Amino acid sequence: MDKNFQEEQSTGIIKFTPPLYKQRYHFIKDLVGKYRPKKVADLGCADCKLLWMLKFCSCIEVLAGLDICASVMKENMHRLSPLPSDYLQPSERSLTVTLHHGSVAHKDPCMLGFDLVTCIELIEHLEESELKKFPEVVFGFMAPSVVVISTPNSEFNPLLRGVTLFRHPDHKFEWSRLQFQSWALEIARCYDYSVEFTGVGHPPAEMKNVGFCTQIGVFVRKYPQTRESAQSEKPSEAVYKMVFKAVYPSLKEEKYLQNAVIGEVIFTAQIIKQNLLNHLMSEHEEYSDDPTERKSKFQPSMNTSSEDLRKLVVEKSMEPFVDGSMVYIPLTAIFSFPKVNQLCGTFEKLCKLIAGKVTLSSDGSAVVLNTEHENEEN
Ligand code: SAM
């Protein structure tokens, strides 16, 4: 028995493992891994399950869904909103998710500029007139680099118990591999794409000749789009209605970057402070009998080279110190921590982002914390 295909003994119903819809989504996820698209549109997105899965793909910055049925999109669209954790730890990348109510038979400028367009189990739901317009809208107008179209393979149907005509009452047709491939090859020829055929849902070994349960065409545009072709005759009139928009917090936005940097600076300063206080405590215990024994760890020796000396000066300028009830932690020391360094990029940017938000020494060179309180924050 094929590993992804099981026929239940009692009912004779065929079950795929993982379920067929998940195999389709994983196929798309693998394709995203291969092409690394920034902008992805899912046409006929229904309850937004695929979009939800794609929002976790780190290369994607723009996700759009389109469906002719607004209510089915609205069922689960809240799952596309950012979570509290997204605000607590904003991501490096920006991500905008939008949902649009409209038909793939109509052109709308909001669907321009996408790298990957997915049409999963959509075309068999289209009326004849819509199916006729579909290639011009998707391949002519939207013209993304990659288009994926999946549809049932009717040759597999005899293996599916209970399927008489079509697999779903809303299906307007179901095609054999030959029908799908001739349709797809003609589109590829007209719009300068190459197309490769594959599928998900393997048949059982003894029925290999029927092909995959779901047939898939992957279209790749042959030539990069020129500015002229991208702009030629593209209508500016919007016909879709946007029903959802979520802009995820991102470190690319100054306010989120600033919050993250302030949090990281205070956290780092607290760690340095604690290490210093612990060190001073143990030193105090060690030398409490004879304080003259105490030496700075940065004391240069007789054979210190000039390079070593320069390093010591730099290290010394990064040394935190206690003055009365205050601990001074040089910004240079804080900036040397990889997380702070990575967030800010430059020392100047660090100074700019924390100015007025974190208590600094009078010359602005060090973060000042109180020795007594554990959780100083501005
Ligand atoms: N793509 C989804 C998935 O794989 O989970 C589900 C596809 S569902 C079987 C087909 C979807 O296509 C339905 O949500 C339906 O409303 C939508 N649809 C049908 N005709 C459409 C059209 N002309 N334009 C846009 N969406 C359409």
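Keep in mind the model is a prediction, meaning the values are calculated, not measured. We count ligands from 1, going down the list as the structure has it; atoms in each ligand are counted the same way. Numbers for residues simply follow the sequence, beginning at 1.
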Side chains of T118 and D42, donor plus acceptor under 3.5 Å: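 Yes - a donor-acceptor pair under 3.5 Å links their side chains.
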Is it the case that E174 and H171 place a side-chain donor and acceptor less than 3.5 Å from each other?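 The criterion, which ignores hydrogens and geometry beyond distance, is satisfied for H171 and E174.
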Counting the benzene-type ring for Trp, do F139 and F219 have ring centres under 6.0 Å apart?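 That pair passes the under 6.0 Å test.
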Single-linkage hydrophobic cluster F56~V32, side-chain heavy atoms < 4.5 angstrom: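 In one cluster: yes.
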Side-chain contact, heavy-atom cut-off 4.5 Å: Q215 with P152?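 Q215 vs P152: side chains apart.
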Applying ring-ring contact (aromatic ring centres under 6.0 Å, His included), can you list everything that pairs with F180, at least two apart in sequence or on another chain?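 F197.
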Protein N/O near ligand 1 N/O, under 3.5 Å, which pairs?
from     : atom 1 : to   : atom 2 : distance (Å)
ligand 1 : 1 (N)  : G44  : O      : 2.8
ligand 1 : 1 (N)  : I120 : O      : 2.8
ligand 1 : 5 (O)  : Y25  : OH     : 2.4
ligand 1 : 14 (O) : D67  : OD1    : 3.3
ligand 1 : 14 (O) : D67  : OD2    : 2.8
ligand 1 : 16 (O) : D67  : OD1    : 2.5
ligand 1 : 23 (N) : S103 : OG     : 3.0
ligand 1 : 23 (N) : E130 : OE2    : 3.1
ligand 1 : 24 (N) : V104 : N      : 3.1
ligand 1 : 26 (N) : I68  : N      : 3.3

